[in-house]
Amino acid sequence: MDMSDAVIVNSSRLKSIVWNDFDRVKKGDTFVAICRHCKKKLSGSSTSGTSHLRNHLIRCQRRSNHGVAQYFSAKDKKKEGSLALVTIDQEQKNDEVLSIVNLRYEQEQIKSEHVGIGSNSLDQRRSQFDLARMIILHNYPLAMVEHVGFKIFVRNLQPLFELATRNKVEADCMEIYAKEKQKVYEIFDKLPGKISVSADVWTASEDDAAYLSLAAHYIDENWQLKKKNLNFVTIDPSYTEDMHSEVIMNCLMDWDIDRKLFSMIFDSFTSDNIVERIRDRLSQNRFLYCNGQLFDVRCAVDLLNRMAHDALEALCEITQKIRESIRYVKSSEATQATFNELADEVQVETKKCLCIDNPLKWNSTYFMLEAALEYRKVFSCLRDRDPVNMKFLLSDPEWDRLITVTSFLKLFVEVTNVFTRSKYPTANIFFPEICDIHLQLIEWCKNPDEYISSLALKMRRKFEEYCYKCSSGLAVAAMLDPRFKMKLLEYYYPQLYGDSATELIDDVFECIKSLYNEHSIVSPLASSIDQGLDWQASGISGSGKDSRDRLMGFDKYLHETCQAEGSSSDLDKYLEEPLFPRNVDFNVLNWWKVHTPRYPILSMMARNILGIPISKVAAESRFDTGGRVLDHNWSSLPPTTIQALMCSQDWIRSELES
């Protein structure tokens with residue numbers, strides 16, 4: 001057909017996606033569709049529809065490179081799995097290609113849930129939700145759906161997929177958040193124990209915005225330690241302490257967990273007034289055990305970070321000299337070669353490499369100082385050869401102080417690694433490590449060098465302030481470890497407190513008994529007796545109920561007589577039995593799961609205590625010198641969207657991990 005006088009028709013009525021690959025031209029009274037890839041001419045009449053055009057695109061060899069119709073052998077098909085656009089003709093031989101069959105598509109079908117393609121289907125809504133979940137999961141910017149490169153990629157991968165706008169993706173993310181939040185509500189509603197909540201402050205990477213992140217920590221019905229993000233709300237720097245506490249209370253009540261709260265975990269610098277206001281609100285309704293004695297918990301890793309900061313601050317001048325020495329060694333290949341020769345001469349055996357630290361990670365500064373100590377003799381020899389450039393080398397007293405303070409940092413690094421070794425550490429592992437640090441601080445304070453002793457005293461004050469708030473909870477958690485029970489307190493307390501140890505151990509045991517008694521009141525055994533008495537008083541009768549009524553009365557009699565005869569409680573039996581052997585693979589939660597029938601009340605107490613997150617710092621940020629920072633991809637979004645994305649990300653990741 002001669003198309004020399006044909007005219008391209010641009011009409012707003014051409015809605016089908018296929019017209020992205022065809023030009024519709026008019027020659028006389030005839031409409032023709034010309035493929036933009038191979039220039040083949042097909043009917044472009046409105047009465048012909050678009051199915052024949054779509055079938056051509058799938059077969060078009062010029063366009064096959066763009067992903068609309070990929071050809072595989074049957075063997076490759078088996079290896080790669082199913083492909084949305086193709087089906088296998090079982091009668092074809094292995095060397096034959098896959099054929100596209102039964103392809104029908106109309107533009108109106110994009111509006112519906114499913115689009116039929118061969119023997120499979122494209123679920124538009126599911127695909128759009130998958131896209132939104134991918135963005136949530138990987139911190140991608142919402143605007144990526146409008147990026148040209150992404151549009152081209154999706155179009156070539158699946159031309160039938162209706163790519164959403166940024167606003168539509170944001171709406172899908174909010175819908176995912178609402179659905180996932182309902183799941184978390186249902187989990188909390190069925191929890192067998194209490195919840196502990198951690199509070200953390202984040203900042204934005206590009207402005208001064210601050211965010212309060214709340215997360216729930218609990219042990220589920222399978223005795224697995226779990227964490228769920230609850231809120232990620234904007235907080236204004238101008239907020240008063242009253243306003244901060246009110247924000248937290250509103251979040252707790254929104255989740256309806258204020259009555260299920262056991263403890264809250266804060267940074268060590270969080271105002272006591274904020275904590276007191278929240279505790280008072282909860283205590284008014286008698287929601288807290290032991291009058292809130294175990295409510296206020298401070299993050300142990302945060303404490304270690306603060307003490308490490310004190311140590312590095314004391315070493316500020318020494319650290320700077322070490323940096324300058326390393327920079328000089330690294331300044332030229334000749335200097336580095338000289339340094340290596342001297343290392344061989346003095347027979348340095350270390351494999352550690354000299355490198356400048358990262359000021360944002362305090363453990364990297366420790367590693368730099370530790371490596372420098374290994375090369376102390378080499379630095380001295382280098383100074384003898386080049387006294388002009390090595391004038392900033394440490395003096396002998398400075399080297400000695402560096403040795404001592406580096407030993408402090410080494411302990412803090414080791415303990416921090418223990419606390420963050422597992423993603424969700426149970427509370428029982430913290431007590432012996434904290435006690436060891438306490439003993440070391442006592443020794444460091446006795447150092448004859450005032451420089452060292454004053455530093456140790458500064459760190460000890462912070463440490464004792466932490467212990468004042470958290471020692472009871474740590475001790476109770478240690479008691480609930482069957483490898484230790486009360487023996488660990490009896491071992492450490494005399495070393496720490498001398499003559500006061502017995503009184504302090506008695507105080508801890510009184511706390512344990514009080515906690516046990518409160519759990520016994522709400523235990524299923526106690527509640528079953530109470531329910532039976534309530535039913536008896538109601539006067540409801542019936543043949544089945546009558547029998548149970550009499551048994552309930554017997555249960556009450558048995559309960560009272562056993563108490564009068566001084567029968568052993570769960571707590572007594574647990575403490576009287578031998579310690580469980582210590583081994584590396586011991587899992588305290590598995591132990592309590594197995595022994596719940598033997599200690600029904602004490603296991604309730606263990607569930608609540610062991611679920612307290614004594615540290616709330618994520619493993620990847622455990623040595624950070626600054627706080628956590630919100631990714632710049634999300635920081636410019638509305639606050640409600642940020643909360644939806646941050647919480648949904650946590651919930652989806654938890655679901656994938658499980």
Side-chain angles (χ1 to χ4, degrees), residues 263 265-266 268 272 275 289-304 306-308 310-311 404 407-408 410-412 414-416 418-419 426-448 450 452-516 571-572 574-576 579 582 605 609-610 612 614-615:
S263 65
I265 298 83
F266 300 92
S268 53
D272 289 343
V275 180
Y289 283 100
C290 292
N291 296 318
Q293 183 180 347
L294 304 179
F295 174 75
D296 182 9
V297 179
R298 301 303 169 111
C299 177
V301 172
D302 180 62
L303 169 70
L304 294 174
R306 291 179 68 205
M307 293 196 296
D310 289 341
T404 303
S407 70
F408 298 179
K410 181 180 180 181
L411 177 62
F412 298 157
E414 290 173 348
V415 175
T416 300
V418 170
F419 288 170
T426 48
N428 59 302
I429 71 169
F430 291 83
F431 182 79
E433 302 292 340
I434 291 293
C435 287
D436 280 338
I437 292 176
H438 199 169
L439 289 172
Q440 287 296 325
L441 284 169
I442 292 172
E443 289 301 313
W444 295 340
C445 287
K446 299 175 183 177
N447 194 296
E450 187 179 352
I452 299 297
S453 60
S454 61
L455 169 61
L457 186 60
K458 182 180 181 180
M459 293 190 293
R460 185 175 175 179
R461 289 195 192 100
K462 285 185 173 69
F463 187 87
E464 289 178 346
E465 183 181 349
Y466 169 85
C467 288
Y468 176 77
K469 292 183 172 73
C470 305
S471 60
S472 295
L474 293 170
V476 175
M479 184 279 298
L480 289 167
D481 189 323
R483 300 169 299 170
F484 304 137
K485 301 184 180 179
M486 293 297 293
K487 295 298 182 182
L488 206 58
L489 273 74
E490 294 168 3
Y491 169 73
Y492 276 114
Y493 272 28
Q495 299 179 63
L496 293 170
Y497 304 111
D499 296 337
S500 303
T502 302
E503 182 182 350
L504 292 171
I505 292 172
D506 289 342
D507 290 343
V508 171
F509 192 64
E510 286 301 315
C511 177
I512 291 170
K513 288 194 295 184
S514 175
L515 201 56
Y516 175 83
L571 179 60
D572 295 331
Y574 172 76
L575 293 176
E576 288 169 1
L579 298 182
R582 287 201 307 122
M605 181 171 149
I609 292 289
L610 296 177
I612 298 174
I614 305 298
S615 168

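Given the structure is predicted, the values throughout are model-derived calculations rather than measurements. Residue numbers count from 1 along this sequence. Only heavy atoms go into these numbers, but all of them, side chains included; no hydrogens, no water, no symmetry mates.
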Quiz item: Just wondering, do Cys445 and Ser453 contact through their side chains at under 4.5 Å, heavy atoms?
Solution: no
Self-check item: Non-hydrogen side-chain atoms of Leu474 and Tyr466 separated by less than 4.5 Å
Solution: yes
Quiz item: Should we count OH of Tyr491 as having more than 12 external heavy atoms under 6.0 Å?
Solution: no
Quiz item: Could you walk me through whether Glu465 and Lys462 pass the salt bridge (Lys or Arg N to Asp or Glu O under 4.0 Å) check?
Solution: CA-CA 5 Å; Glu465 183 181 349; Lys462 285 185 173 69; over 6 Å; no
Quiz item: Which residue pairs pass the salt bridge (charged side-chain N to carboxylate O under 4.0 Å, His left out) test when at least one of the two sits in residues 477-497, sequence neighbours left out?
Solution: Asp481-Arg483, Lys487-Glu490
Exercise. Spell out, as yes or no, whether a donor-acceptor pair under 3.5 Å connects the side chain of Ser514 to the backbone of Cys511.
Key: no
Quiz item: Can you name the residues that form a side-chain contact (heavy atoms from CB on, under 4.5 Å) with Ser454, not counting sequence neighbours?
Solution: none
Quiz prompt | Qualifying residue for side chain to side chain contact (heavy atoms under 4.5 Å, CB included) with Ile512, from Leu571, Leu575, Leu480, Asp507 | solution = Leu571
Quiz item: Between Ile612 and Phe430, is any pair of side-chain heavy atoms under 4.5 Å apart?
Solution: no
Practice problem: Any chance you could measure Gln440, atom CD, to Met459, atom CE, to the nearest 0.5 Å? | Solution: 10.5 Å
Self-check item: Ile429 side, atom CD1; Phe419 side, atom CZ - distance, nearest 0.5 Å
Solution: 6.5 Å
Quiz prompt | Of all pairs that satisfy salt bridge (charged side-chain N to carboxylate O under 4.0 Å, His left out), the ones with a partner from residues 427-446, not counting sequence neighbours | solution = Glu443-Lys446
Quiz prompt | Spacing of CG belonging to Leu455 relative to OG1 belonging to Thr404, to within rounding of 0.5 Å | solution = 10.0 Å
Quiz item: Do Phe484 and Leu489 pass the side-chain contact (heavy atoms from CB on, under 4.5 Å) test, and can you show the C-alpha distance, the side-chain angles, and the key distance before you say yes or no?
Solution: CA-CA 8 Å; Phe484 304 137; Leu489 273 74; over 6 Å; no
Practice problem: Kindly give the heavy-atom pair with the smallest separation between Leu488 and Pro432, and that separation in Å. | Solution: CD2-CD, 4.0 Å
Exercise. Decide side-chain contact (heavy atoms from CB on, under 4.5 Å) for Met307 and Leu411; before the verdict, give the C-alpha distance in whole Å, the side-chain angles of both, and the deciding distance to 0.1 Å.
Key: CA-CA 11 Å; Met307 293 196 296; Leu411 177 62; over 6 Å; no
Quiz item: Rounded to the nearest 0.5 Å, what separation is found between the CG atom of Leu457 and the CZ atom of Phe463?
Solution: 14.0 Å
Self-check item: Minimum side-chain heavy-atom gap Ile609-Met479 below 4.5 Å
Solution: no
Self-check item: Validation row: His438, Glu464 side chains within 4.5 angstrom (heavy atoms)
Solution: yes
Quiz item: Looking at side-chain heavy atoms only, is the closest gap between Met486 and Ile505 below 4.5 Å?
Solution: yes
Quiz item: Got a second to check how far Met605's CE is from Leu515's CG, nearest 0.5 Å?
Solution: 4.5 Å
Quiz item: Quick one: does Thr416's side chain have a donor or acceptor within less than 3.5 Å of a partner on Phe412's backbone?
Solution: yes
Quiz item: So how far is it from Phe509 CZ to Tyr516 OH, rounded to the nearest 0.5 Å?
Solution: 11.0 Å
Quiz item: Relative to the ring of Phe431, is the ring of Tyr492 parallel (under 30°), tilted (30 to 60°) or perpendicular (over 60°)?
Solution: perpendicular
Quiz item: Relative to the ring of Tyr493, is the ring of Tyr497 parallel (under 30°), tilted (30 to 60°) or perpendicular (over 60°)?
Solution: perpendicular
Quiz item: Hey, is CG on Asp506 packed in by over 12 heavy atoms from elsewhere, all under 6.0 Å?
Solution: yes
Exercise. Tell me, with the steps shown, if Lys469 and Asp272 meet side-chain contact (heavy atoms from CB on, under 4.5 Å).
Key: CA-CA 10 Å; Lys469 292 183 172 73; Asp272 289 343; 3.2 Å; yes
Quiz item: Side chains of Cys470 and Ile614: closer than 4.5 Å at any heavy-atom pair?
Solution: no
